[in-house]
Amino acid sequence: VQLQASGGGLVQAGGSLRLSCAASGRAFSDYAMGWFRQAPGKEREFVASISWGGGSTYYADSVKGRFTISRDNAKNTVYLQMNSLNSEDTAVYSCAAGPTQATMIRSEERSGIGSWGQGTQLTVSS
């Protein structure tokens, strides 16, 4: 599956933004989906994941309560709604597709991620 992330931009602290990741190719609903981010000088980190049907989600502690991951299988798209943004959220955000949520959540299983989308930049100004 090919992934295309979009929606990044410049936002003031406290603001909101929604990222989108459109998929093409193999059946989107076969995949668990995830969002990752990488800030300058830091390693890529897990942000959120969602099961193939959308019934199960998981979040990094740093975004829990502020970010919401969702998916629309009819539109082959996964979203990341980001609220109460702060400067520590500034990063390049990428989406990923894998067989299970565990593939996203557990670093030792991330070699199982089948597809990565190109990143979209989020910059939060204070």
Side-chain angles (χ1 to χ4, degrees):
V1 64
Q2 291 77 47
L3 305 174
Q4 178 82 31
S6 62
L10 176 62
V11 182
Q12 287 190 334
S16 299
L17 200 67
R18 189 178 78 163
L19 304 182
S20 299
C21 175
S24 60
R26 288 192 57 186
F28 176 69
S29 59
D30 287 347
Y31 296 92
M33 298 296 296
W35 285 97
F36 293 78
R37 67 186 182 185
Q38 187 167 19
K42 295 185 177 181
E43 294 186 354
R44 182 168 57 195
E45 64 172 350
F46 167 81
V47 175
S49 65
I50 189 166
S51 60
W52 63 269
S56 174
T57 57
Y58 192 84
Y59 297 92
D61 288 343
S62 59
V63 306
K64 200 173 295 182
R66 301 188 298 122
F67 289 13
T68 302
I69 188 171
S70 62
R71 66 190 296 162
D72 185 338
N73 286 346
K75 294 183 178 180
N76 288 356
T77 302
V78 62
Y79 304 97
L80 186 67
Q81 177 66 43
M82 305 180 292
N83 300 327
S84 301
L85 288 164
N86 59 62
S87 59
E88 293 185 351
D89 296 316
T90 294
V92 175
Y93 285 72
S94 301
C95 52
T100 66
Q101 284 198 82
T103 308
M104 316 289 175
I105 297 166
R106 300 175 184 167
S107 58
E108 63 270 24
E109 296 193 29
R110 283 176 197 156
S111 59
I113 291 176
S115 299
W116 289 94
Q118 95 296 345
T120 186
Q121 174 73 47
L122 168 67
T123 302
V124 182
S125 63
S126 56

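Because the structure is predicted, anything quoted here is derived from the model rather than measured.
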So does [X] have more than 12 non-hydrogen atoms from other groups sitting under 6.0 Å from [atom1]?
X	atom1	result
Glu88	CD	no
Lys42	NZ	no
Glu43	CD	no
Tyr58	OH	no

### Message
Let's go through Gln101 and Ser56 carefully: what are the C-alpha distance in whole Å and the side-chain angles of both, what is the deciding distance for side-chain hydrogen bond (donor to acceptor under 3.5 Å, both in side chains) to 0.1 Å, and is it a yes or a no?
### Response
CA-CA 9 Å; Gln101 284 198 82; Ser56 174; 2.7 Å; yes
Find out whether [X] and [Y] are in side-chain contact, i.e. whether some heavy atom of one side chain is under 4.5 Å from a heavy atom of the other.
X	Y	answer
Tyr59	Thr68	yes
Leu122	Arg37	no
Met82	Trp35	no
Met33	Phe28	yes

If every non-hydrogen atom of [X] is compared with every non-hydrogen atom of [Y], which pair is closest and at what distance?
X	Y	answer
Gly8	Thr120	N-OG1, 3.0 Å
Ser16	Ser84	OG-N, 4.3 Å
Ala91	Ala39	CB-N, 3.8 Å
Cys21	Leu3	SG-CB, 3.8 Å

#### Entry: Parallel, tilted or perpendicular: rings of Phe67 and Tyr93 (30°, 60°)
tilted
### Message
Before you tell me yes or no, could you show the steps for Ser87 and Thr90 under side-chain hydrogen bond (donor to acceptor under 3.5 Å, both in side chains), namely the whole-Å CA-CA distance, both residues' side-chain angles and the distance that decides it to 0.1 Å?
### Response
CA-CA 6 Å; Ser87 59; Thr90 294; over 6 Å; no
Once you round to the nearest 0.5 Å, how far does [atom1] of [X] lie from [atom2] of [Y]?
X	Y	atom1	atom2	value
Asp72	Ser29	CG	OG	11.5 Å
Ser70	Leu80	OG	CG	8.5 Å
Gln81	Leu19	CD	CG	9.0 Å
Gln4	Thr77	CD	OG1	11.0 Å
Ile69	Ser49	CD1	OG	6.0 Å
Leu85	Ser126	CG	OG	12.5 Å

Tell me whether [Y] is reachable from [X] by hopping between hydrophobic residues (I, L, V, M, F, W, Y) whose side-chain heavy atoms are closer than 4.5 Å.
X	Y	answer
Ile113	Tyr31	no
Val63	Val124	yes
Val47	Ile105	no
Trp116	Met104	yes

Using only atom types and a distance under 3.5 Å, with no angle test, would you say the side chain of [X] pairs donor to acceptor with the backbone of [Y]?
X	Y	result
Asn73	Trp52	yes
Arg71	Ser51	yes
Gln118	Ala5	yes

#### Entry: Stacked cation flag Arg110 on Phe36, 6.0 angstrom / 45 deg
no
